Amino acid sequence: MAVLQKETEPKLKVPKQKRINWKKQLVHLFLLPALVLFIWFQLYPILSAFLNSFYSFQGMRRGEFVGLDNFVLLFTESPFKETFSRAFGHNLIFFVGTIIFKMAVAFLLALLINSKIRGKEFFKTVIFLPKLLSVIVVGFLFSLILNPTYGALNTILQFIGLEEWARPWLGDPDTALYTIILVNSWYGLGFSMLIFLAGLQAIPQEIYDAAKMDGASGLTMLLKITIPLAMPAIMVMSILTFIGAFETFELIFAMQGSQAGPYYSTDVLATYFYRLAFGSVDGGESIGLGSALAVVLFLMISSATAVLLFFFKKKEFEQ
Amino acid sequence: MRRVGVWLFSAVLMFVLSGCSGGGASTSAPAEQTPAAQQPQPAAEEAKKDPVELVMYSWRPEDKEAYEGFIAEFQKMHPHVKVNFRSFKSTEYNTILTNSLTAGSGVDILQLRPYAGAASIADAGYLLPIDDVPGVADIPQSYLDAARGEDGKVYGVPLFINSAVIFYNKQLFQDHGLQTPTTWEEFLQVCEALSQKGIIPVAQAGKAAYLLSYTHNVIGTSAFGGEEYVEKLLSGEVNFTDPAFKESIKRMSDLVPYFPKDFIAIDDKDAQALFYTGKAAMYINGSHRLETFENLNADLPLDIMPALAKEKGGETPMINWVDGSYGIAKATKHPEEAKAFIQFLASKEFGQMFSDQLNRLSAIPGVVPQHPMLKKMTELSEKSMTSYMMLVHFSEGTPTTKTTFENSLQGMYIGQLAVDKVAEDTQASLEKWFQPKK
């Protein structure tokens, strides 16, 4: 027995590869700068928002611990509950509108550029160009174009005899939100198109050749080959569009200000958060309520993104 | 050997990183820590002191040039103090200021929003009281109320008195044989006459809802009465659903035909352009716009009217308020120099320079306005004056009652709220925070 034990003893030793390789571990040190930045600029604000959401604030002064009171206020008290549901509805419209105006158009453009047309590089560049501008600049430029007094759009409409179409695009509650969705779609079209184009270019030509030999029509190839095989790109864009639609702020702020007028007709959750946390020119901020809304927004986006990811992964496996 | 090299590289990296953070600290360190040998040694006593830099925040980028002149005057007395005037867009100012104050760095002298705006920052403990600064006690108490904390201490030196007025184009009025209106009925008649001639009567912008508030003050005050009515509101004797207040809202609704087409979609700059190009005859805003118009079109035949009277021959009050003050951030590393600067801002010399160069009514006693229109405003204020009710008394709550009222007016103009609902929403907002005076 003792002999046997002696024989097996070397096998019980720590395997050589499990010894800490300090040289390799040292690599982790290089993550430190990025980690510090992440903690300081990402984690710390998120955690402080979580913490602040449990406190009352008088102006900028943190008051007592109030538990979930801020969350209860957000969903039960006027005008907070009405403002929340209205802003949430606008975010949903923003998401659906962006899917229709940006993703669908970007996919069609990607199909066009992926086909054998001349000057595809030129079109690709032109469509991507707006993305190089700052959102604030885009907002400012479109505010000028859409100005009801001297804006280019209404002037052109009047010039070509369509004066009855001319309207205060950003001052009419029936058109203001949709106008901003269109501007946002125009701005992000190029990026979506490039993602789709990358997905389309990854589809092997042999599959199309084989389908053609089998007599498949263009539409059949689009529905049976192109769309299913471009699904990973579509999934990525859907998730990014969802997150973008629920985080949207800059363009609305640039075009309509933090009050997201007229009379909240372009108000979304992020502009509502901004007003709650920072108030207006005359004050009226409530950091506790603003933080509670930020937490709700964070939980909403992260959980919905997780569900979307799960759904798309499942779809991917099924294929 | 390679391992040693990697360790050495890591050590150097850590050293560089710590050096970077240390660098930041050293730049923000008080100037007193700088070795005296490195400082210049001017002859004047003040200049012997170590150089100090004060950072000053303002929401008036358009005043930058004038402030550089004021600061140069201050530096003649305090050559060792450099004041760095940093201005931000008014609509973004509160956010930037909040971040600076909570971070505890970046600002020494700050422009404070009047009344509740200043009080909320003072009550949060971000400001130094300035009651002991020479000159502050000489300023009228009612002006100091614009920057008073709940502890009764003063936290800001009031900058200037703003007045909601009707600017009008004298030439257009003369050309069409129109007299300046003094009552609501006359105002409507003048608007109708101008409208018939193809002139926009009032260059009103509605994209930013707060602009509607100025007009409501000038037009509506005579519907509900001035200071007497405010006292009734403050005591709880009446509230915003009172018929007199609703009448003031109805007047705003009645003015729609006399505002520019699609006015709810145009911003203030567009409205100003309509006025100074002569397309519109009147423009309602704060008296601070006097300087704007003089810069844009010095030949504009400009004059002002105060708020409307209740009846013909009655009082036409000036709607006045203190528009901002300057305070000291508690986190300042240079409180003595900051107080010296505040003392300068509270001096008659500064008040006179400020009034002369920026065409505004100074809050500092003894300042005599030179501009004829400022003189007229002062005279009118001496005859009759009332406060900007919403700003002075009702700018609390989340959102503030003032903001709720202004946005509700916007809602009325786009057809989503009736006159009664505007009044009810305003009252509902008030009831969230307001306790009537006993």
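By convention in this document, chain letters (A, B, ...) are assigned in the order of the sequence lines, proteins followed by strands, and residues within each chain are numbered from 1. Note that the structure is a prediction, hence the values are computed from the model and not measured.
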Residue pairs fulfilling side-chain hydrogen bond (donor to acceptor under 3.5 Å, both in side chains) with at least one residue in residues 243-261 of chain A, sequence neighbours excluded: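 Output for this query lists A/Q259-B/N407.
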Pairs meeting criterion side-chain hydrogen bond (donor to acceptor under 3.5 Å, both in side chains) with involvement of residues 40-57 of chain A, two or more places apart: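 Sorted result for residues 40-57 of chain A: A/N52-A/R62.
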Pick one of side chain, backbone, both or neither for [X], based on which atoms fall under 4.5 Å of a heavy atom in chain A.
{"X": "B/Q416", "answer": "side chain"}
{"X": "B/Y126", "answer": "side chain"}
{"X": "B/K432", "answer": "side chain"}
{"X": "B/T95", "answer": "both"}
{"X": "B/L409", "answer": "neither"}
{"X": "B/D123", "answer": "both"}
{"X": "B/D267", "answer": "neither"}

Chain B neighbours within residues 172-184 of chain A, where any heavy atom lies under 4.5 Å away: A/P173
Heavy-atom donor-acceptor pair, A/N91 side chain to A/L269 backbone, under 3.5 Å: yes
Side chain A/N147, main chain A/Y150, donor-acceptor under 3.5 Å: yes
Sequence-distant partners of B/Y115, side-chain hydrogen bond (donor to acceptor under 3.5 Å, both in side chains), two or more places apart: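 Result, side-chain hydrogen bond (donor to acceptor under 3.5 Å, both in side chains) vs B/Y115: none returned.
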Contact leader toward chain B among A/F253, A/F278, A/F57, where contacts are heavy-atom pairs under 4.5 Å: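 Of the options given, most contacts go to A/F278.
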Max heavy-atom pair count under 4.5 Å with chain B, selected residue of A/G257, A/S78, A/P79, A/G279: A/S78
Choice from B/E396, B/M412, B/Q410 maximising heavy atom contacts with chain A below 4.5 Å: B/Q410
Most contacts with chain A, counted as non-hydrogen pairs under 4.5 angstrom, among B/T400, B/I264, B/D270: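 Greatest number of close heavy-atom pairs with chain A: B/D270.
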Aromatic plane relationship, B/W59 with B/Y93 - under 30° parallel, 30 to 60° tilted, over 60° perpendicular: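 Geometry flag for B/W59 against B/Y93: perpendicular rings.
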Parallel, tilted or perpendicular: ring planes of A/F88 versus A/F246, cut at 30 and 60 degrees: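 Geometry flag for A/F246 against A/F88: tilted rings.
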Among B/F405, B/F394, B/F434, the one residue meeting ring pair (Phe, Tyr, Trp, His ring centres under 6.0 Å) with B/F240: B/F394
Point-to-point distance, once rounded to the nearest 0.5 Å, from CG of A/L170 to CD1 of A/I252: 11.0 Å
Validation row, ring centre A/Y272 to ring centre A/F84 under 6.0 Å: no
Aromatic centroids of A/F142 and A/W186 separated by under 6.0 Å: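 Centroid separation for A/W186 and A/F142: below 6.0 Å.
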